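Bear in mind the structure is a predicted one, so any value in this text is a computation, not a measurement. In what follows, every heavy atom counts, from backbone to side chain, and hydrogens, waters and symmetry copies are set aside.
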2 protein chains.
Amino acid sequence: MTIGLAPGPRVRKAVPVNSLRSEYALDDVDWRILTELQRDGRLSFNELGRRIHLSAPSVADRVRKLEQAGVITGYRAVVDPQRAGHGITAFVQLRCALGSCLLRTGRAADYPEVVEIHKLSGAHCTILKLRATTLAHLEGVIEQLGRHGEMHTHVVLSTQFDEPTVSRPGTVDRPVTPATGWTSPAD
Amino acid sequence: MTIGLAPGPRVRKAVPVNSLRSEYALDDVDWRILTELQRDGRLSFNELGRRIHLSAPSVADRVRKLEQAGVITGYRAVVDPQRAGHGITAFVQLRCALGSCLLRTGRAADYPEVVEIHKLSGAHCTILKLRATTLAHLEGVIEQLGRHGEMHTHVVLSTQFDEPTVSRPGTVDRPVTPATGWTSPAD
DNA sequence: ATTGAAATTGATTGTCA
DNA sequence: TGACAATCAATTTCAAT
């Protein structure tokens with residue numbers, strides 16, 4: 001009963017990552033949809049409508065508009081890095097040498113270990129989030145990256161919280177998701 | 001055709017976050033499933049099986065095992081923070097005062113703005129990722145957080161890459177997802 | 001693990017308020 | 001815009017090979 005119940009078609013495509021830079025105004029209904037869909041991205045229009053008290057055709061329309069407006073950029077399964085063999089997480093701050101900035105030269109995205117790249121204000125121009133299988137693995141990546149400039153490495157000992165969910169601006173309804181599934185690399 | 005095609009049932013529940021600390025060994029098939037499901041979390045067993053050349057019942061079985069093993073922890077819609085009104089992202093490093101460590105006292109998870117909490121090695125004991133609607137908003141949060149210890153704030157100017165996807169350890173098949181939908185707070 | 005069949009559920013359409 | 005009802009299509013699941 002906990003397991004899958006019923007069959008039925010569901011073929012909505014992942015996401016046409018169309019970028020319409022229109023300022024889509026989100027109302028209450030939109031936010032309820034986003035909340036539910038961030039909690040369970042596989043909800044059917046039927047079930048979703050049931051939860052937010054709206055008819056299936058209506059929610060379908062809303063969802064499509066949210067997708068086309070670029071608010072919803074996709075649907076994905078969330079994989080626990082630990083259980084998938086990527087036990088090590090690290091943050092790397094680096095100040096790029098002018099000529100060899102990682103963002104321009106090395107194509108940091110070429111490293112599968114690089115999960116995030118952000119340009120920052122402050123002394124260090126960039127912060128990277130890395131994910132590696134072992135410390136040895138991490139060491140290798142760090143070594144490679146080191147060529148792109150001065151860097152500071154911070155190895156994550158444990159992750160207390162990691163919830164990409166976007167919540168409604170004026171609301172403090174964080175679903176209090178305890179760090180389930182997130183553990184120390186050493187535990 | 002780009003839009004939804006066909007109807008059909010799909011009621012698989014979000015995720016029984018059961019924590020079975022069994023070392024589930026992932027083989028090639030598992031990784032192909034994870035890859036596809038991370039790309040499109042709404043794939044049906046049929047379509048998924050079609051893509052990895054496996055029968056629907058088989059993939060269903062696999063997926064269920066991956067869920068129960070805690071490898072797949074959920075399915076969620078991905079929302080673009082920018083388009084959802086959260087234009088500001090920031091990293092905060094803080095060294096907790098012994099008595100008032102954020103992780104123990106303040107329940108950092110109570111702040112909806114706190115999206116990630118990691119304990120670190122190195123001088124600063126913790127790194128937080130924040131998400132706010134405006135700089136003023138961020139300022140307020142920072143101020144609150146400041147009571148928990150010495151901290152360094154880094155505001156994200158732009159995000160080049162943000163792909164939570166977990167890739168197969170030995171593989172370098174990163175889908176080269178350009179920073180679509182990720183832009184500077186100021187653009 | 002695959003193939004087949006049955007049952008169920010979901011998506012979509014058109015119409016009305 | 002949303003709700004309702006009906007049609008159609010695809011999926012899930014179960015059985016047996």
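- In terms of modelled atom types and a separation under 3.5 Å, the side chain of His137(A) and the main chain of Thr133(A) share a donor-acceptor contact.
- Within the structure, every side-chain polar atom (N or O) of Arg50(A) is placed at least 4.0 Å from both OP1 and OP2 of dT9(C).
- Within the 4.0 Å cut-off from OP1 or OP2 of dT11(D), at least one side-chain nitrogen or oxygen of Asn46(B) is found.
- Contact check on Arg51(B) versus Glu47(B) returns a salt bridge, with a Lys/Arg side-chain nitrogen under 4.0 Å from an Asp/Glu carboxylate oxygen.
- Partners of Arg62(B) by salt bridge (Lys or Arg N to Asp or Glu O under 4.0 Å), not counting sequence neighbours, listed by chain and number: Asp27(B), Asp30(B).
- For Leu43(A) and dA11(C), the CG to P distance is 10 Å, given to the nearest whole Å.
- No donor-acceptor pair closer than 3.5 Å links the side chain of Arg83(A) to the backbone N or O of Val71(B).
- Atom-to-atom, CZ of Phe45(A) to P of dC4(D) comes out at 18 Å; the value is rounded to the nearest Å.
- For His152(B) and Phe91(B), the distance between ring centers is not under 6.0 angstrom.
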Show each protein N/O and nucleotides 1-3 of chain C N/O combination with a separation under 3.5 Å, one pair to a line.
{"residue": "dA1(C)", "atom": "OP2", "partner": "Arg62(B)", "partner atom": "NH2", "Å": "3.3"}
{"residue": "dT2(C)", "atom": "OP2", "partner": "Ser55(B)", "partner atom": "N", "Å": "3.1"}
{"residue": "dT2(C)", "atom": "OP2", "partner": "Ser55(B)", "partner atom": "OG", "Å": "2.7"}
{"residue": "dT2(C)", "atom": "OP2", "partner": "Ser58(B)", "partner atom": "OG", "Å": "2.8"}

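- Considering CH2 of Trp31(A) and CD1 of Ile52(A), their distance stands at 14.0 Å, rounded to 0.5 Å.
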